[in-house]
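Here is the structure we will look at, set down as structure tokens.
This structure is a prediction, so every number in the text was calculated from the model and none was measured. Lettering follows sequence order; numbering is per chain, from 1. Heavy atoms only: backbone and side chains are in, while hydrogens, waters and symmetry mates are out.
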Number of protein chains: 2
Amino acid sequence: MRSEDIARLAGVSRSTVSRVINNYSNVPEKTRAKVMKVIEENHYEPNTSARVLAGKGMNTIGLFVISTADKQNPNRIYQNNYFAPFVETIVDTVNRMGYYVLIHTVYSEDDFLKVKQAFLQKRIDGGIIIGMEKNAGMVHAIAKLELPFVLIDYDIAELLEHRLDKDYAAVINSKDYEGAAMAVRYLIELGHEHIGMISGRLNTHSGRQRYQAFLETMQEHGLEVPEELILGGEFIRQKAYEEVKQLLVSGKRPTALFSANDEMALGAMDACRELGLQIPGDISIAGFDDIPVASQLSPALTSVRLPIYEMSQAAAHHIVKMCEEGSTSFSTVSFPTQLIVRETCAEPK
Amino acid sequence: MRSEDIARLAGVSRSTVSRVINNYSNVPEKTRAKVMKVIEENHYEPNTSARVLAGKGMNTIGLFVISTADKQNPNRIYQNNYFAPFVETIVDTVNRMGYYVLIHTVYSEDDFLKVKQAFLQKRIDGGIIIGMEKNAGMVHAIAKLELPFVLIDYDIAELLEHRLDKDYAAVINSKDYEGAAMAVRYLIELGHEHIGMISGRLNTHSGRQRYQAFLETMQEHGLEVPEELILGGEFIRQKAYEEVKQLLVSGKRPTALFSANDEMALGAMDACRELGLQIPGDISIAGFDDIPVASQLSPALTSVRLPIYEMSQAAAHHIVKMCEEGSTSFSTVSFPTQLIVRETCAEPK
DNA sequence: GTGAAAGCGCTAACAT
DNA sequence: ATGTTAGCGCTTTCAC
């Protein structure tokens with residue numbers, strides 16, 4: 001069924017049908033009602049491709065989840081406690097604004113081509129990109145398309161440096177530095193001096209911020225951080241488990257560990273438990289992200305809460321706004337994080 | 001940049017550009033190379049809407065996750081251990097086949113309108129629907145659209161009854177009855193006679209199958225199931241926790257509990273722990289779905305593994321096949337489930 | 001082997 | 001207030 005069929009059945013022209021569909025003001029109520037009746041009776045819906053070709057928007061937002069790190073793992077993104085809630089909130093929010101969501105996962109540079117194609121082929125009006133590692137080339141490639149996009153968790157300085165602060169771009173971040181500093185200060189105030197860190201991927205904005213915050217906060221308090229107490233866990237539980245186990249076995253044991261995310265804190269807890277260490281008796285552990293299980297563990301994990309809901313909502317609202325009003329100007333927001341004190345940290349013995 | 005621009009730059013006609021893009025055989029290698037060079041140099045990608053309007057497919061699959069149950073809960077689908085892996089695998093598989101995925105969550109009948117619109121507006125070539133509760137009306141509405149769709153976890157008998165076994169429809173199920181029966185038999189063989197069940201939503205295909213299997217298996221073994229031992233948990237952890245707690249407090253305590261999903265088994269474990277009951281010493285618990293945490297709990301949860309990966313892959317391959325080859329014929333697959341014995345079940349005292 | 005031209009279903013500027 | 005018409009960018013018959 002096409003608009004012409006509706007026109008015929010309603011005894012009007014296609015233009016009038018179009019006017020009714022697009023809510024033009026100059027259609028008398030009577031005509032509108034007549035046309036609407038036919039439309040509803042026939043369950044008519046205008047063909048999206050035709051509308052787009054004639055100048056309307058697709059009413060679709062692209063949501064791209066970049067996960068170039070754990071290609072090998074079959075369970076990757078949605079079971080990932082970091083990405084899942086972002087995806088969920090963004091999809092729901094965008095849906096509620098009457099937009100559809102085209103979702104695509106990116107595990108390689110090849111997949112990344114698909115992101116560019118989605119824009120170039122005009123499948124989407126704009127896109128949200130999450131999990132992007134520091135990569136001026138890729139961001140530049142996106143910016144060149146001159147279509148609205150929002151980056152979640154990306155280094156603004158990096159963008160400015162490469163003059164990528166375009167009018168159709170926006171960045172939504174959380175205050176990871178602040179949150180990590182809070183957690184580390186908390187440990188220091190408990191009396192810890194030998195604090196280790198399990199860092200995440202450092203080419204990720206949040207990963208680097210959390211790492212820097214740790215280093216600088218320690219320094220501010222005049223505390224040393226021996227190299228062997230900096231563990232690289234790549235945000236992955238298993239990796240952290242292995243690193244922590246190795247550290248503990250080596251005998252060079254810190255009194256506390258700050259982990260760049262909760263998944264790795266879980267890995268650390270696994271290692272401690274295996275070696276018979278009490279948490280927080282023998283060693284304190286603090287995480288980041290405050291994933292749902294954090295509160296359900298025993299002992300419950302002290303962590304830094306990420307404002308995922310606020311960030312997702314902001315990203316969704318922002319991209320839709322940009323799509324509808326055209327570009328505004330380069331914009332940036334950082335949402336505050338919050339230290340959630342639970343049971344995994346105590347004074348050192 | 002449009003195909004006409006490419007044509008001009010390459011010194012050919014738009015038809016030839018189109019032939020190159022669509023891999024027509026009657027284009028000499030030389031012409032093809034010349035055109036391809038211009039296409040690549042200019043990062044040209046054909047406009048999807050125009051292609052669709054001219055008769056090509058959208059190359060997009062709709063993925064609709066129906067969750068009419070827990071509207072009130074802010075964290076719903078992706079953090080839901082049942083839906084998340086389906087979504088993940090389907091998106092990845094469909095992407096790998098060169099298709100895009102339009103994802104939409106459905107929390108109400110109103111949202112359901114969006115599903116129909118996605119089909120009617122020709123935004124998608126076909127759709128996968130997951131989490132659909134028994135609802136002939138809705139399925140009928142989808143079937144009326146006469147476009148390919150796959151239902152994951154739906155009662156085939158219901159479809160047949162309403163003559164909804166259309167050529168463009170398919171159903172992918174798991175053998176939930178078999179799996180539940182295995183779990184219950186296992187408990188019976190351990191010596192349990194007073195077994196309770198925490199049932200899920202019974203208007204869900206899998207929910208009902210698991211429930212029926214429990215009842216019938218008990219009956220086959222000549223075991224009574226007093227009404228008060230059938231708990232309704234709606235697949236929700238908190239609900240199960242409350243129901244189980246109430247049951248245990250009442251003193252009418254079963255020696256074992258079979259839960260229709262792991263989330264509820266977790267809730268049951270919470271309740272037992274709170275009341276100081278040992279698992280499996282005082283009470284045995286078996287779950288369903290084998291979600292990732294099941295193996296990490298202590299004691300590790302005995303559960304029935306759902307072939308989510310296989311089901312998702314089958315759904316993805318099937319829908320793409322239907323979109324490309326046109327309708328085949330009504331098809332149906334059921335993947336086997338598997339009992340994973342861990343530590344939460346033991347002989348009754 | 002390649003080009004010209006019609007047409008996919010819609011919107012919007014123009015005409016009345 | 002409503003109809004007529006010219007595109008939007010592509011694919012595809014039909015000619016040559």
Side-chain angles (χ1 to χ4, degrees), chain A residues 1-39 42-60 117-125 145 147 324, chain B residues 1-39 42-60 117-125 145 147 324:
Chain A
M1 171 112 353
R2 303 161 309 149
S3 78
E4 191 173 349
D5 301 318
I6 300 298
R8 201 172 12 80
L9 291 171
V12 295
S13 73
R14 277 156 55 211
S15 336
T16 301
V17 173
S18 178
R19 289 190 185 98
V20 169
I21 289 171
N22 294 291
N23 272 311
Y24 275 50
S25 52
N26 57 352
V27 179
E29 197 43 56
K30 196 168 172 183
T31 310
R32 155 167 279 114
K34 184 174 60 181
V35 174
M36 278 308 291
K37 184 156 172 283
V38 178
I39 287 179
N42 293 278
H43 304 289
Y44 166 76
E45 291 284 343
N47 181 304
T48 300
S49 296
R51 301 190 84 191
V52 171
L53 212 52
K56 293 285 186 184
M58 250 290 190
N59 272 253
T60 303
Q117 285 179 339
F119 278 99
L120 250 16
Q121 296 173 352
K122 294 273 148 43
R123 288 173 176 275
I124 55 180
D125 302 319
L145 308 176
L147 286 167
E324 291 185 347
Chain B
M1 172 108 357
R2 301 162 310 148
S3 78
E4 191 173 350
D5 301 319
I6 301 298
R8 201 170 13 78
L9 291 171
V12 297
S13 73
R14 276 156 55 209
S15 327
T16 300
V17 173
S18 179
R19 289 192 185 96
V20 169
I21 288 171
N22 294 291
N23 272 312
Y24 276 49
S25 53
N26 57 349
V27 180
E29 196 43 56
K30 194 168 170 182
T31 311
R32 157 168 276 114
K34 184 174 59 180
V35 173
M36 278 308 290
K37 183 155 173 284
V38 178
I39 287 179
N42 294 277
H43 305 287
Y44 167 75
E45 290 286 342
N47 181 303
T48 300
S49 297
R51 300 191 85 191
V52 172
L53 211 53
K56 293 285 186 184
M58 250 292 192
N59 271 254
T60 303
Q117 286 179 338
F119 278 100
L120 251 15
Q121 296 173 353
K122 294 272 150 38
R123 289 175 176 275
I124 55 180
D125 303 318
L145 307 177
L147 287 167
E324 292 184 346

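In this structure, the separation between NZ on B/K122 and CZ on A/R51 is 15.0 Å, given to the nearest 0.5 Å. Taken from CG in B/L9 to CD in B/E4, the straight-line distance is 11.0 Å, to the nearest 0.5 Å.
Within 4.0 Å (heavy atoms only), A/V52 reaches no atom of the nucleic acid at all. Looking at heavy-atom distances under 4.0 Å, B/S49 makes no contact with the nucleic acid at all.
When all heavy atoms of A/R32 and A/Y24 are compared, the closest pair comes out as NH2-O, 3.3 Å. Minimum heavy-atom separation, A/A7 to A/S13: CB-C, 3.6 Å.
When the local axes at the two ends of the helix from C/dG1-D/dC16 to C/dT16-D/dA1 are compared, using 5 base pairs at each end, they differ in direction by 40° after rounding to 10°.
Taking atom CD1 of residue B/I6 and atom P of nucleotide D/dG9, one finds them 13 Å apart after rounding to whole Å. The nearest whole Å value for the distance from the CZ atom in B/R8 to the C1' atom in D/dG9 is 14 Å. For B/R123 and C/dC10, the CZ to P distance is 13 Å, given to the nearest whole Å.
With A/I6 as reference, A/V38 is the one residue of A/V20, A/T16, A/V38 to meet the side-chain contact (heavy atoms from CB on, under 4.5 Å) rule. Considering B/T48, B/N47, B/V52 in turn, B/N47 is the only one that fulfils the side-chain contact (heavy atoms from CB on, under 4.5 Å) rule with A/L53. Just one of B/M58, B/Q121, B/K56, B/R123 meets the side-chain contact (heavy atoms from CB on, under 4.5 Å) condition when paired with A/S49; it is B/M58.
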Next item on the list: Summarise protein proximity over nucleotides 10-16 of chain D in one line of letters, 5' to 3': B for base, S for sugar-phosphate only, - for none, counting protein heavy atoms closer than 4.0 Å.
Entry: BBBB---

